[in-house]
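What's counted below: heavy atoms across the whole structure, side chains too, no hydrogens, waters or symmetry copies.
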Number of protein chains: 2
Amino acid sequence: MNGLMMHEPLLISALLRHAERHHGEQQVVSRLVEGGIHRQSYRELATRARQLARAMAALGVQPGQRVGTLAWNGHRHLELYYAVSGMGSVLHTLNPRLHGDQIVWIAEHAEDQVLCFDLTFLPLVEALAPRLTGVRHFVLMADRAHMPAQTAIPNLLCYEELLAAQSDAYDWPRLDENAACSLCYTSGTTGNPKGVLYSHRSTLLHAFAAALPDAFNLSARDAVLPVVPMFHVNAWGIPYAACLAGAKLVLPGPGLDGKSLHELFEAEGVTLSAGVPTVWQGLLAHVQGNDLRFTTMQRTVIGGAAAPPAMIRAFEDGLGVQVIHAWGMTELSPLGTVGVLKGTQRDWSAEARRAVLAKQGRSVFGIDMKIVDPDGSELPWDGQAAGELMVRGHWVAAGYLGAPQPELDWFGTGDVATIDAQGFMNITDRVKDVIKSGGEWIGSIDLEHIAMAHPAVAMAACIAARHPKWDERPLLIVVRKPGAELTRDELLAFYEGKVAKWWLPDDVVFVDAIPLGATGKVLKNVLRERYADHLLRSA
Amino acid sequence: MNGLMMHEPLLISALLRHAERHHGEQQVVSRLVEGGIHRQSYRELATRARQLARAMAALGVQPGQRVGTLAWNGHRHLELYYAVSGMGSVLHTLNPRLHGDQIVWIAEHAEDQVLCFDLTFLPLVEALAPRLTGVRHFVLMADRAHMPAQTAIPNLLCYEELLAAQSDAYDWPRLDENAACSLCYTSGTTGNPKGVLYSHRSTLLHAFAAALPDAFNLSARDAVLPVVPMFHVNAWGIPYAACLAGAKLVLPGPGLDGKSLHELFEAEGVTLSAGVPTVWQGLLAHVQGNDLRFTTMQRTVIGGAAAPPAMIRAFEDGLGVQVIHAWGMTELSPLGTVGVLKGTQRDWSAEARRAVLAKQGRSVFGIDMKIVDPDGSELPWDGQAAGELMVRGHWVAAGYLGAPQPELDWFGTGDVATIDAQGFMNITDRVKDVIKSGGEWIGSIDLEHIAMAHPAVAMAACIAARHPKWDERPLLIVVRKPGAELTRDELLAFYEGKVAKWWLPDDVVFVDAIPLGATGKVLKNVLRERYADHLLRSA
């Protein structure tokens, strides 16, 4: 017997309709690539998205077909989010920081029909256009005044002219909620990129979860500024959750340096932000270096990589900004766990609470997780046993574009983690980065965090180096702060009392820079290629 | 093209599994009907729910069949919530405050197979059992020690013995998310009761929405005490939202007087409560009369009827407790709107903000609304135009048990409301209670709130009385506070400057008591029967 309730599909267009009808006066503020600040209401966003949907249909974009973007966080990118998904087509956000060859490979693999891009990327698209043979239309996300007089791109279209040619008389179709809405490729360090294809249903349930008090805690009283790019797992779902909650949305464009961000935070009364640790490092340096403050900022979500404890302390103790330490993946839309205390931990000591908050957090409702040993047996939740983290839930990928795995039961994250008795998960390593020393595992992340806490260290990575007796031993790769002095022995002495003796790194290599991937992650495979034999050589 | 995401049905069993795995140590505290306080963890709740599901199956309860309850808010009722719905059967919460004839009619209409009841209701069930011909098993929700030595109920079963006979080896079935999970009859003041049949999907989406920051704002740091009964629209979804959020759940049993509630609030560190205005009136009287405070209470949800502005002031200004003014219906699971300010209203004057918060609030995501004139034409959102409130969304009923309306597009609430430019809805009356004076509408609720704000008034109702010239005119029915003196002219003078002159009530009838229905609402149809001709008689 079925319930007798109205049945509406869970659709992205419903988010926009809600924002338009119930938060129509709320603002979307964008720092434009072309310069200046752009303001529109959710009512205007909805109007323009309807015009854009008509424009895309006029270009021949069919339901299910992909529309690619190369764009910063801005209002036109947001309009594409809602128009393309809302009309039943698939928004494909390309990462402009990837190598040109990868961008071409991904756009061709995704079969992008249209490519929309910001002015910043005009030279890039001009260079790649001859190889993007599947793309039928190129659209520059600008007005006529910013269109190039000459370009190598054939029939380059002007975004604002496409919109101006259309009325907003458009009804969002009633789609199947399992229809694909957006596509994002993972930036693996090895192999070809893999496309994660989100559905309307998965995106809506993720938006509900992301807005919950124990996740981003997003309300109509917030002004949220996603520093995390809209080409990086849909800016962690914030463009959707903001409409759900009726929050003010502040989109920073390309200016992600500390000064630009701090100015925008203050000017727009931002209460909540979200981004990867490397961005916050720049912001913290600017704020601390200039003795600045945050007037309205209440909390910031840090994810994408583990937040160093020193960074958490700088935000919380120094600046009064709550750090929400979160963990996710492209394959998780991306939200998996959030590090927010429980009521049962209220009476814990400050030290115990700090230790819990340095972990990646606990499951939001909708995601289940477990840790398993190499045989697949479930490991206990004792905060000690480390195994591969497996997840499942409403917004977890079941395969990749061209390689679906509909029967997938648990998704293997490739992360090594512990889970404690309160359900707080802590990532100790990537499965492929873990250091296997004499049959035991050493987690590289803890060792990196200790090095990063040293005042003379700008950046540190820890990799497995080959060892004649122990198979592998930890090796530190370190960038010193400008002007700082630090020796190998001084740094190793800094580890005393902080880790078990057999975890102590065997050596330190000082370098000028550590190679980073397109999403700001350390390329450990590159480091291993260079330094895996370091211990053998120095022995 | 479909997305490539895992597909899990939205099931009530997933809430319990989440609470067990990720908030296993969190507590459910119950004040028992038999006396004393009972404590269990979510882990124990889950174990006992599995045992109970096996016990119900052993009694022959099939998927889709109804299990009735006559019970207060307590842990066994909570176990029934999860066990019965989780196994694919339908939990039917009966309102014990209804007349016995109605209870029999409803239980027979619902075809309840099993009836579980608290010790309080043993005499009631003994009286009704001979007429409950469809009920195959009667279960007393108690242990052996509290079973009656003798009873007229044939083969009365003991809840704790049923559980003790079962192991907890039970896997929750993977149901269709549109399957019915629970059933609640509306207590209309006219006609037969109507059964609203909720689905797993509607209940899960409602739980997400209820936990949002702009709704109940429920987190794992909260201890929530639903005063609203679990037989009244599933205690507004709090039993589900608590598991979703991992909140501590405090269930007050039958003691809903001010003293019992205040003691439990303080003893269990309650941060959030929810109930109808009449309950809060008793609590406020106790707290104010004994010069007490709330140590941990942060906010309370008031719904079921409009919260008088005086009550909101008493909580917010006097006791530092935020009032969350909410509006809903049995047919809305029940959440429709919540009165929480937007960021765009932050700079409004205190008076303007107070006026907004006295309204019933704005749509939570998942519910859309509009107001229409008698022809069905949509009316503007100007805070002035009043029309019937229509709603639609994921957790809105599409018909009633035995009378489904699968194609229902908008549900007519029977309420008359205005909606302002910010989307805040204000109920001015019931369609059937509105006073039609000379072709214009006068809302009875505003007139009642003014009377209730007079210090000598304990309770007031305003009804339409027949009038020879204007068709209908407002008539006040008033209960004075014990010992208070108040004349008709004094009360009418109190209206001056507060309403338009033509809204002024024509007369006041002082009475000893105003008749209330089983859910605490004023029975205006009874008042109209008695007093509709009062003006004609007194003219």
Per-residue contact mode, [X] against chain A (heavy atom under 4.5 angstrom):
X        : result
B:Arg392 : both
B:Ala207 : neither
B:Leu218 : backbone
B:Pro9   : backbone
B:His23  : both

Quick check for you: among [options], which has the greatest number of heavy-atom pairs under 4.5 Å with chain A?
options                                : answer
B:Gly393, B:Gly246, B:Ser182           : B:Gly393
B:Val364, B:Leu10, B:Leu401, B:Leu408  : B:Leu10
B:Trp381, B:Phe411, B:Phe424           : B:Trp381
B:Gly269, B:Gly423, B:Ala179           : B:Ala179
B:Ser219, B:Gly195, B:Pro213, B:Pro404 : B:Pro213
B:Leu183, B:Leu204, B:Asn217, B:Thr271 : B:Asn217

Considering only heavy atoms, which portion of [X] lies under 4.5 Å from any heavy atom of chain B: side chain, backbone, both, or neither?
X        : result
A:Ser363 : both
A:Val90  : side chain
A:Ser333 : side chain
A:Ala245 : backbone
A:Lys342 : both

How far apart are the closest heavy atoms of [X] and [Y], and which atoms are they?
X        : Y        : result
B:Asn178 : A:His7   : OD1-CD2, 3.3 Å
B:Thr344 : A:Glu25  : OG1-OE2, 3.6 Å
A:Phe208 : B:Leu212 : O-CD2, 3.9 Å
B:Val196 : A:Met5   : CG1-SD, 4.4 Å
B:Ser199 : A:Gly3   : CB-CA, 4.0 Å

Name the member of [options] that forms the most heavy-atom pairs with chain B at distances under 4.5 Å.
options                              : answer
A:His394, A:Arg346, A:Glu407         : A:His394
A:Gln65, A:Gln27, A:Lys248, A:Glu177 : A:Glu177
A:Leu205, A:Asp222, A:Ile367         : A:Leu205

Kindly compute the distance separating [atom1] ([X]) from [atom2] ([Y]), expressed to the nearest 0.5 Å.
X        : Y        : atom1 : atom2 : result
A:Glu8   : B:Ser202 : CD    : OG    : 12.5 Å
A:Gln26  : B:Gln422 : CD    : CD    : 11.5 Å
A:Glu331 : B:Met6   : CD    : CE    : 10.5 Å
A:Met1   : B:Asp176 : CE    : CG    : 13.0 Å

Original post:
Is the closest basic N to carboxylate O distance between A:Arg17 and B:Asp368 below 4.0 Å?
Top reply: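 Salt bridge flag = no for B:Asp368 with A:Arg17.
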Subject >> Side-chain (A:Arg362) to main-chain (B:His22) donor-acceptor, under 3.5 angstrom >> reply: no
**OP:** Would you check if the side chain of B:Arg21 reaches a backbone N or O of A:Met369 as a donor-acceptor pair within less than 3.5 Å?
**Re:**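 Side chain of B:Arg21 to backbone of A:Met369: a pair is present.
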Original post:
So do B:Leu4 and A:Tyr400 actually touch side chain to side chain, heavy atoms under 4.5 Å?
Top reply: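 Counting from C-beta outward, A:Tyr400 and B:Leu4 never come under 4.5 Å.
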Subject >> Heavy-atom side-chain contact between A:Arg221 and B:Asp214 under 4.5 Å >> reply: yes
Subject >> Heavy atoms from other residues, nucleotides or ligands near CG of A:Asp382 exceed 12 (cutoff 6.0 Å) >> reply: yes
